[in-house]
2 protein chains.
Amino acid sequence: MSTRAQTVVLSLRDKILNGHYAPGARLNEIELSTALAVSRTPVRAALAILAAEGLLDYVPNSGYVVRSYTANDIEGVYAARSVLEGLAARTVAERGLSSGARGLLHQNLTETETIAQRTEWTEATHDTWRRLNEQFHEVIFADACNSHLCELIEKSRSIPLLKTVKFRWHDAQTVKNSFTDHAELFDAIARGQSARAEHLAREHVYQAGRRLVANWRKAGIGENISPRQNVSDAA
Amino acid sequence: MSTRAQTVVLSLRDKILNGHYAPGARLNEIELSTALAVSRTPVRAALAILAAEGLLDYVPNSGYVVRSYTANDIEGVYAARSVLEGLAARTVAERGLSSGARGLLHQNLTETETIAQRTEWTEATHDTWRRLNEQFHEVIFADACNSHLCELIEKSRSIPLLKTVKFRWHDAQTVKNSFTDHAELFDAIARGQSARAEHLAREHVYQAGRRLVANWRKAGIGENISPRQNVSDAA
DNA sequence: TTCACCTGGATTGTATCCAATCTAATTTTA
DNA sequence: TAAAATTAGATTGGATACAATCCAGGTGAA
């Protein structure tokens with residue numbers, strides 16, 4: 001990564017998405033610049049960019065706060081994401097799976113299957129499954145060869161705390177169901193059954209969203225954000 | 001608008017979307033700052049924001065150029081937009097049209113119908129029709145009450161030259177067909193026929209996209225961008 | 001001639017200074 | 001006492017100076 005501003009963007013984006021800065025937390029330019037050992041200039045540029053991406057809320061002459069999503073917001077995000085991933089699956093099914101993507105998906109399914117049969121779930125197993133799950137979806141929408149679609153899906157996946165909360169619904173049955181969904185989706189795409197692929201992808205994402213929304217609501221995320229909460233409180 | 005940076009963002013975004021700065025045109029910080037009578041600081045902030053929005057391409061230590069879309073890119077944009085507007089229509093149909101939206105759509109259809117029956121097409125008529133068409137879609141996806149969905153659709157509508165090129169397919173028959181589509185979509189939504197509403201919206205947007213792509217291809221936009229073309233050449 | 005190297009100009013990236021604005025505590029006044 | 005006004009502090013917004021980088025043209029040697 002070339003410029004300091006871009007380094008700061010990467011650093012802050014990561015911390016926001018992973019919950020190091022909680023929703024509602026205020027990002028102070030001076031604190032950040034001293035913490036990151038750069039001047040205010042690249043920090044300001046980074047904050048402006050992250051706000052344009054939708055990760056921060058900006059109020060002129062006041063500052064930036066980490067954007068917070070209610071459970072209803074998350075429901076909307078997944079509603080959109082389900083039709084987008086449905087489109088991606090349909091597109092790939094219609095245009096034909098590239099050989100590279102076919103290989104990646106095949107291997108992904110093999111690895112996922114072995115994971116799904118485990119009885120013991122360590123932190124590392126969780127991480128592996130998360131990675132495999134993300135990769136499966138990424139391979140599909142990358143193979144749709146629609147850069148705009150990729151950007152929209154990427155935006156729908158870049159929500160503060162989304163990855164953190166997702167972490168909580170990895171139980172054995174969920175993983176097994178997810179594996180079955182992936183296998184069927186792969187089958188539909190590989191056979192060029194575009195309508196089936198679209199419906200399977202939509203439903204798969206929709207169900208994942210419903211589980212996530214339930215946990216979001218249970219955890220009470222996005223509600224009762226205390227005003228003017230500061231960065232230093234977020235760690 | 002409060003800060004200078006935001007003023008510059010509005011000004012530049014407008015000029016990029018309307019083709020005042022052609023795709024591939026290079027945006028020089030100093031030229032812009034003198035032209036807009038501000039220092040480089042707000043200009044730099046604005047450029048970073050517009051790049052984050054996807055309107056500009058950024059190369060570190062080199063600068064910003066207006067992003068250019070090929071006809072294939074536009075095809076992808078409309079593929080995504082069609083499923084998103086389909087989702088919006090379905091959502092509104094399921095949750096019920098708000099009374100405010102119902103009124104706006106009804107009046108919009110009335111005005112559009114009178115326009116569609118005109119035989120003579122002036123520049124002003126074109127503008128009016130454009131405005132009514134945009135408003136019809138905006139009212140629907142605003143009434144879906146899904147802010148994330150609105151952001152995604154907004155992003156899909158914020159493409160350099162999109163509005164400019166759209167301008168060319170306003171012939172009488174197209175407008176009449178569009179009016180019919182809108183009327184049927186309104187009917188489906190008002191009756192709560194969510195599946196029908198979704199399909200109509202998808203198809204309506206898809207057809208509009210297909211016409212636009214044809215014109216995009218015919219005009220040869222997005223191809224053969226000369227390297228390092230400058231702002232001053234773009235006017 | 002051609003390729004490698006170098007150098008000057010232009011442009012972007014960063015730091016810092018000052019101005020403008022907001023927030024919150026304090027004081028004043030009814 | 002309570003509400004309005006004021007003022008001090010902190011924070012953000014903008015301008016400018018300087019450093020780093022890139023690009024084009026020119027110079028030199030093989």
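Proteins come first, then strands; the chains are lettered A, B, ... in the order of their sequence lines, and each starts at number 1. Keep in mind it's a predicted model, so treat the numbers as computed, not measured.
Between B:N72 and B:R217, the side chains place a donor N or O and an acceptor N or O closer than 3.5 Å (distance only, hydrogens not considered). A donor-acceptor pair shorter than 3.5 Å cannot be found between the side chains of A:H20 and A:D14. B:T128 and B:T125 share no side-chain donor-acceptor pair at under 3.5 Å.
Annotation: proximity of residues 35-46 of chain B to DNA chain C (heavy atom, distance under 4.0 Å) is found for B:R40, B:R44, numbered in ascending order.
Using a 4.0 Å cut-off, some side-chain N or O of A:N28 falls inside it from OP1 or OP2 of D:dT11. For B:Y58 and C:dG13, the shortest distance from a side-chain N or O to OP1 or OP2 is below 4.0 Å.
In this structure, the separation between CG on B:L212 and CG on B:L162 is 5.5 Å, given to the nearest 0.5 Å. Interatomic distance, CZ of A:R202 versus CG of B:L87, reported as 7.5 Å (0.5 Å rounding).
For B:D57, the side-chain hydrogen bond (donor to acceptor under 3.5 Å, both in side chains) test picks out no residue, with sequence neighbours left out.
For B:A5, the listed nucleotide lying nearest its side chain is D:dG14; candidates were C:dG13, C:dT14, D:dG14.
As a whole-Å value, the separation of A:L56 CG from D:dT12 C1' is 15 Å. To the nearest angstrom, C1' of D:dG13 lies 11 Å from CD of B:Q6. As rounded to whole Å, 15 Å separates atom P of C:dT14 from atom CD of A:E29. The CZ-C1' distance, from A:R26 to C:dA24, rounds to 13 Å in whole Å.
Two residues, A:N61 and A:R4, neighbour DNA chain C, and the one matched to the more 5' nucleotide by heavy-atom proximity is A:R4.
Using cut-offs of 30° and 60° on the angle between ring planes, the pair B:H204 and B:H137 is parallel.
Scanning all heavy atoms of the two residues, the minimum distance from A:R90 to A:E198 falls at NE-OE1, 2.7 Å. Pairing each heavy atom of B:F136 with each of B:N108, the nearest pair is N-ND2, 3.6 Å.
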Grab the N/O contacts between the protein and nucleotides 5-7 of chain D below 3.5 Å, and write none if there aren't any.
none

